[in-house]
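Throughout, a chain's letter reflects where its sequence line sits, starting with A, and its residues are numbered from 1. Computed from a predicted model, the values in this text were never measured in an experiment.
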There are 4 protein chains.
Amino acid sequence: MERGSTVAAVAGPERAARHHGNRHGRSEQARQAVLEAADDLLVEKGFTGVTIEGIAARAGVAKQTIYRWWKTKTDILLDAFLQDAAEALTPPDHGDLAPDLRAHLRQLALFLTRSDAGAVFRALIGYAQHDPAFAAVLRSGYLDEQRRRDSLPLERAVQRGQLPDGLDMAAEIDRLVGPIYHRVLVTAEPVGPAFTDGLVDDLLHRLTDGAKSEPE
Amino acid sequence: MERGSTVAAVAGPERAARHHGNRHGRSEQARQAVLEAADDLLVEKGFTGVTIEGIAARAGVAKQTIYRWWKTKTDILLDAFLQDAAEALTPPDHGDLAPDLRAHLRQLALFLTRSDAGAVFRALIGYAQHDPAFAAVLRSGYLDEQRRRDSLPLERAVQRGQLPDGLDMAAEIDRLVGPIYHRVLVTAEPVGPAFTDGLVDDLLHRLTDGAKSEPE
Amino acid sequence: MERGSTVAAVAGPERAARHHGNRHGRSEQARQAVLEAADDLLVEKGFTGVTIEGIAARAGVAKQTIYRWWKTKTDILLDAFLQDAAEALTPPDHGDLAPDLRAHLRQLALFLTRSDAGAVFRALIGYAQHDPAFAAVLRSGYLDEQRRRDSLPLERAVQRGQLPDGLDMAAEIDRLVGPIYHRVLVTAEPVGPAFTDGLVDDLLHRLTDGAKSEPE
Amino acid sequence: MERGSTVAAVAGPERAARHHGNRHGRSEQARQAVLEAADDLLVEKGFTGVTIEGIAARAGVAKQTIYRWWKTKTDILLDAFLQDAAEALTPPDHGDLAPDLRAHLRQLALFLTRSDAGAVFRALIGYAQHDPAFAAVLRSGYLDEQRRRDSLPLERAVQRGQLPDGLDMAAEIDRLVGPIYHRVLVTAEPVGPAFTDGLVDDLLHRLTDGAKSEPE
DNA sequence: GTATAACCGAGACGGTACGTCTAGTCTTACC
DNA sequence: GGTAAGACTAGACGTACCGTCTCGGTTATAC
C-alpha cells in the first residue's frame, strides 16, 4: 500500500507529477487516466463492465502499468472514489445540532442516490459483500473515517451541552444513517428530505425531549 | 425464467421427482444437486468462487441442464436461498407488540450474521448493487414479501389499538431494520440483542410514550 | 498424443468429419483452418511471426480450441507439415540403384530449398535445436520414418545383389543426404543436380567400382 | 551493430578495459558480464530461457546498456561464441593430408557435440533457420571464415602435389563435414572417430586411389 | 579544477503474446 | 423431451519480455 494506492493516494497531495517512467516516480498522467477510465466505465457499463483490459484500453495505458500499482479493479475504483469523494461528506457546522444533522443527512442521501461517486460507492459496498478482505480495506480506507465525520455534529453538540454526556455514539449514528443505507442498498425506495428530516426529529425527540423539525 | 425458477420453484411443491434424463419433465434430482452445489460453493469459496462450470462439475450435471433452467448463477443462488430461507423470518405472534418485535429483530440479526442462508443473502444483496435487473428480481422474489412480513407485528398492533392509525409503515420498518442492515452490510459491527432491543424501545417510546424494554 | 495430433493425425485418415463440438469428435473444419493458418503465417511472416493468437485470429478459431488439441505452435506446424509432406519424399523404384538415388536426392534438394513444406521443415529443424523434447518428437514423428524411406533404394539394391551385404546403412545415408542438409541448413549454397548427382556417383564408385553418372 | 559487436568485437583486442561509465568508451566489465550471463543462461535454461531481461538481471547490468551495444539476444550469443570459440577449430598442420583431416574432423565432432560453445553454436544455427538476416550475419561473422579454415588441409595438399589441381573445394568440404552436421543437427546419432575417419578414407580413396586409414 | 558529456544502474512506460479460466451456445447419443 | 458429455467461439485474466524512455550518478578528459 506504500506506493500511492488507496489511502496514500489521498494523503500524498503534492505527488511528483513531472516524471515519466524513471526510478523516481510513477507517471501521474497514467494514474489519472486509469482512475478516470475506471470511473467512466462504471457509470457507462456498470460494475461488470469494468475490466482491467477495458480500463487499460480506454486510458491508453499498458495493462502492466495497472498491475504495477493496483491489485484489482476494486482497488482502482476505491482509489478513484477516494479522490473524488473524500471531502464531499463532511457535515457542516452551523453551531446547532438540528440544522447540522438535517443538512448532513440530506447531503448523504443525495450523494448515495444521485452522484457518480455514489454509484461507485454502491458498487464497492456491493463488492465488499463478496470479498471480506476488500471489505476490510474499504472500511479502513473510507468507512471508518466517514463514520468519524458522521459523528462530528453529535460530538459538537455534546461539547456545547446540547446533548447529554455518555451517548452510545455508534448506535446513534446507526439510527441516523442506517435507514438511509437500507433504502439505498436494499429496498430502492426514494430517500427524500422528509424521510431524512424525520430521522433527525426522532433523535432530537429522543435525546432532547422536543425541538420538532420545521417543514421547509 | 418461466420454467421453475425463482418464485415458481417455490410454488411447485409436488414436482416430478422420480425422473432422470427422460421425456417426462425435469429431473428434480438434478435441480437439488445444482442448488446444493451452489450453496456449498458459496460457503466454501465465496461468491467469486461460484461459477456455472464449478456448479455443474460438483453437481455432476451438464452445463446445458443448468442453462436450461436458470439464466445466471445469481438466479441459482436466489433459488437456493428461497428454498432454504423462505419462511425463516416470519415474526412470531405473541399478541403483544414489544415481544413480537424484539424476537423478530433478534432473529433477523442472527439470520443475517450467523446462518449460511444469511451468507447467501448478503452475497445476493451485494450482487444486486452491480445489476439493477437482478436487484428487481431479488426484490420481487423476496424482499417485498419479507417487507410485508416485517410489518405484520405493527399491523397487528394497529388492529389491536396498541398503535395509532395512519402510521408511515415503510418508514417505521426502515428505522427498525435499517440500522441492522447498516451494521451488517456497511460497518461490520456486531449486532447483539442490546442493539436490536434498543431499536424496539425507540419505536415504543416514540409511538406509545412508554414501555421500556426489560434487560434480559 | 491420442487426440489427433502429430502422428495420429496422419494415421487416422477417415477421421469423423461430420461432428461439430460434441462428445464424439472434434471439428475437422477447425483443425484444417488451424493448420492452414499456421502454414500461411510461416510462409508470410516467418517462424517468429507464427503465434497462437495469430493462428487463432486467421483461422477464425478460439485460442482454447487450439490449446485443446495442440501444446505449442511447433506441434501445429509439425502437424501441418506431416499432412502436407508425408508422402512427398518416398524414393521411386526404377529397379536400378543409380536412377533411384539420383531422382531421390534431386527431389530432396528441391523439397528442402523450394517448397513451402520445406520452409516449414527448416523452421522445425531450427526449433529442434532449441528444444530437445521437440527434437525427439520431430524425430519420432518424421525423421526416423524419412530415414527409413531414404534407405529403401539401397536395401533394394542389396536384395538385387547390386550392392554387397553388410553395409553400414546409416553411414551411407549420412554421406548421401548429409552434404545436402549441410548446404541447406549451414552454408546456404545452392544445391543443384550436379551436386546431388556427384554424391550418387561417389557412392556408386565406392561400393560398385564403376558406373559413372551420365550427364543430362 | 557498428559499435563493438560481432566481428568488431573480435577485431578490437586492446579494447579500453579500464573505464567504467565515462565518455570515452564502454565498460569492459559490463560487456564481459553480459556475455557470460548469456552463455550461462543458454546452458542452464536453453535458448528460450535466454532473454534480455534475464541477461541484464544476471549480469547486474541495465537493459539499456545491453541495447546500446547489441541489437538482439542472438547478437549477444554470437559475440559470446566468437570470443570463446574463434580459434578453436583451426586444423593442425602435420604436413600430411590424412592425419590433418582426421584430427580436424574429430575435433569438429567433439566441438559440436560436447562443448558449451558447441551448444551455443547449435542454438545459433537453429535460430538462423528462423531469421535470414541473422543467418547472413552468422555466415559472414563465422561460417565463411570457418569454411576457409576447413579447406586449409586440402589446399596445402594441393600445393604439396598430394592432391590434384582443380578440385571443387566447396563440394569436397561438404562431403567431409556435411555428414557430421547432419548427424548433429538432424538425426542426433553419435559422431565417433570411426565415423569421421571413414569420411576421410572416402576422400583419400576417391582422390588419391589408396591410403586407407589405419585404426588407432 | 571545473565543466561537460558519454557511459552506467535502475526501472516505469506502451505494447504483444502467452497460457488459463469461465461464459454461454451447440451437437450428439442415450433413455 | 430431458440429460450428461463435451467441443465450440468469445473474451478477460494475470504474467513475462519486448524495446524505448528518463532519471540521477559517475568519471575522464577538455577547457
>> Are C:Ile52 and C:Ile76 packed together at the side-chain level, in the sense that at least one heavy-atom pair is separated by less than 4.5 angstrom?
In response: yes

>> Counting only side-chain heavy atoms from C-beta out, which of F:dA4, E:dC13, F:dC8 sits nearest to C:Ala30?
In response: F:dC8

> OP1 or OP2 of F:dG6 less than 4.0 angstrom from a side-chain nitrogen or oxygen of C:Trp69, does that happen here?
Replying inline: no

> Passes side chain to side chain contact (heavy atoms under 4.5 Å, CB included), C:Asp131 versus C:Thr74? Steps please.
Replying inline: CA-CA 10 Å; C:Asp131 183 342; C:Thr74 44; 5.8 Å; no

> Just how far, in rounded Å, is C1' of E:dG11 from OH of D:Tyr67?
Replying inline: 14 Å

>> I need the CG-P distance between B:Asp75 and E:dG24, as an integer number of Å.
In response: 11 Å

>> Check the phosphate of F:dA4 against B:Thr65, side-chain N and O only, distance under 4.0 Å to OP1 or OP2. Yes or no?
In response: yes

> Which residues satisfy the ring pair (Phe, Tyr, Trp, His ring centres under 6.0 Å) test with B:Phe134, sequence neighbours excluded?
Replying inline: B:Tyr127

> In whole angstroms, how far is the P atom of E:dG9 from the NZ atom of D:Lys63?
Replying inline: 14 Å

> Taking OP1 and OP2 of F:dT3, is either one under 4.0 Å from a side-chain nitrogen or oxygen of B:Arg68?
Replying inline: yes

> When the distance from CD1 of C:Ile76 to P of E:dC18 is rounded to whole Å, what number comes out?
Replying inline: 9 Å

>> Both C:Thr72 and A:Ala62 contact DNA chain E. Taking the nearest nucleotide for each, which residue is further toward the 5' end?
In response: A:Ala62

> Quick one: does D:Trp70's side chain get under 4.5 Å of D:Leu35's, heavy atoms only?
Replying inline: yes

Going by atom type alone, with no hydrogens or angles, which donor-acceptor pairs under 3.5 Å involve a side-chain atom of residues 40-50 of chain D and a protein atom two or more places apart or on another chain?
unit_1, atom_1, unit_2, atom_2, d
D:Glu44, OE1, D:Arg58, NH2, 2.7
D:Glu44, OE2, D:Arg58, NH1, 3.3
D:Glu44, OE2, D:Arg58, NH2, 3.2

> Can you tell me how far C1' of F:dG19 sits from CD of D:Gln64, to the nearest Å?
Replying inline: 9 Å

> When the distance from CD of B:Gln29 to C1' of E:dC31 is rounded to whole Å, what number comes out?
Replying inline: 14 Å

> Between atom CG in B:Leu41 and atom P in E:dT22, what is the gap in whole Å?
Replying inline: 11 Å

>> Rounded to whole Å, please give me the gap between NZ in C:Lys73 and P in E:dT16.
In response: 17 Å

> Going by heavy atoms closer than 4.0 Å, what residues in residues 47-59 of chain D are next to DNA chain F?
Replying inline: D:Thr51, D:Ile52, D:Glu53

